[in-house]
Amino acid sequence: MTEYSVIPPAPSLDLQGLDRLVGTWMMSGGVQGHVTYEWMEGGYFLFQHVDLEHDGRAIKGLEVIGHLQPFGEPPSADIWSRYYDTTGSTLDYVYELDGDTLTIWGGERGSPAYYRGAFSADGDTLSGGWVYPGGGYEATATRVKKAQ
């Protein structure tokens with residue numbers, strides 16, 4: 001049997017830039033509740049635990065954020081995620097961080113559904129909103145607990 005001995009590259013700098021999300025955030029505005037981000041051991045994937053309410057509907061789930069890397073291929077250029085919720089739905093996103101501006105594309109980069117927000121100077125507030133065909137809402141995330 002052949003031994004698999006490929007050494008993975010270090011986590012990318014663009015993925016490491018999402019470290020500013022790590023911790024617990026209280027959400028206000030068009031959505032209420034909290035989200036918590038934490039790294040998986042190794043730093044290749046960021047988990048988001050979601051416990052929110054939007055328009056009277058509970059939104060609970062887990063998102064796994066990182067570069068796609070099918071077996072034997074290099075990591076994808078974009079940072080992709082898949083969100084799994086308690087109703088059985090799965091949603092895909094692309095994360096993009098440019099300076100203090102975070103964009104989360106619904107589906108693919110350039111989608112008409114996206115979140116765009118800006119971090120405050122101290123990094124403890126993220127203000128922005130979701131835009132999607134037929135609607136959207138503003139939301140503010142305030143960090144209540146930093147990672148340990």
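The two atoms that bring M27 and A141 nearest to each other are SD-CB, 3.4 Å, heavy atoms only. The heavy-atom pair separating A139 from V31 by the smallest distance is CB-CG1, 3.9 Å. Here the closest non-hydrogen pair linking P75 and Q69 is CG-OE1, 3.7 Å. For the pair I59 and Y83, the tightest heavy-atom approach, listed with the atom from each and the gap, is CG2-OH, 3.4 Å. Scanning both residues, S111 and G106, for their nearest heavy atoms gives OG-O, 2.8 Å. Residues Y44 and L15 share a closest heavy-atom pair of O-CD2, 3.2 Å.
For CG of D98, the number of neighbouring non-hydrogen atoms (other residues, nucleotides, ligands) closer than 6.0 Å is 12 at most. Around CD of E53, the count of heavy atoms belonging to other residues, nucleotides or ligands within 6.0 Å exceeds 12.
Using a 4.5 Å heavy-atom cutoff, the side chains of R82 and V64 are not in contact. At least one side-chain heavy atom of R109 sits under 4.5 Å from a side-chain heavy atom of D78. Looking only at side-chain heavy atoms (C-beta outward), W39 and I65 stay at 4.5 Å or farther from each other. Between D14 and I79, some side-chain heavy-atom pair lies under the 4.5 Å cut-off.
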Apply side chain to side chain contact (heavy atoms under 4.5 Å, CB included) to L102 and L21, showing your working.
CA-CA 10 Å; L102 175 65; L21 290 169; 4.2 Å; yes
Do M40 and F47 pass the side chain to side chain contact (heavy atoms under 4.5 Å, CB included) test, and can you show the C-alpha distance, the side-chain angles, and the key distance before you say yes or no?
CA-CA 7 Å; M40 180 179 178; F47 296 146; 3.8 Å; yes
R116/T101 under side chain to side chain contact (heavy atoms under 4.5 Å, CB included): CA gap, chis, key distance, verdict:
CA-CA 7 Å; R116 184 161 293 133; T101 301; 3.8 Å; yes
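When atom types are taken as modelled, the side chain of D55 and the backbone of R57 share no donor-acceptor pair closer than 3.5 angstrom. Under a 3.5 Å cut-off, the side chain of E38 and the backbone N or O of Q48 do not form any donor-acceptor pair. No donor-acceptor pair under 3.5 Å is formed between the side chain of H49 and the backbone N or O of G61. Proximity of a side-chain donor or acceptor of W80 to a complementary backbone N or O of S76 within less than 3.5 Å is not detected.
The side-chain tip of R20 points at the ring of F119 from less than 6.0 angstrom away and within 45° of straight on.
To the nearest 0.5 angstrom, Y37 atom OH is 12.5 Å from D19 atom CG. With rounding to the nearest 0.5 Å, the separation of OG in S28 from NE2 in H34 is 14.5 Å. Note that CG of L62 is 12.5 Å distant from OG1 of T90, once rounded to the nearest 0.5 Å. Of the inter-residue distances, the one linking E138 atom CD with W130 atom CH2 reads 12.5 Å to the nearest 0.5 angstrom. In this structure, CG on L18 lies 11.5 Å from CG on L13, to the nearest 0.5 angstrom. Note that the NZ atom of K145 and the OG1 atom of T24 stand 5.5 Å from one another [nearest 0.5 Å].
Taking hydrophobic clusters as Ile, Leu, Val, Met, Phe, Trp and Tyr residues chained together by side-chain heavy-atom distances below 4.5 Å, Y93 does not share a cluster with W105. V94 and Y132 fall into different hydrophobic clusters, where Ile, Leu, Val, Met, Phe, Trp and Tyr residues are linked whenever their side-chain heavy atoms come under 4.5 Å apart, directly or through other members. Taken together through direct or relayed side-chain contacts under 4.5 Å among Ile, Leu, Val, Met, Phe, Trp and Tyr, V50 and Y114 form parts of separate hydrophobic clusters. Y137 is not connected to M26 by any chain of hydrophobic side-chain contacts under 4.5 Å among Ile, Leu, Val, Met, Phe, Trp and Tyr, and they are in different clusters. No continuous path of ILVMFWY side-chain contacts below 4.5 Å connects Y84 to L68, so the two sit in separate hydrophobic clusters.
There is a side-chain donor-acceptor pair under 3.5 Å between E63 and Y95.
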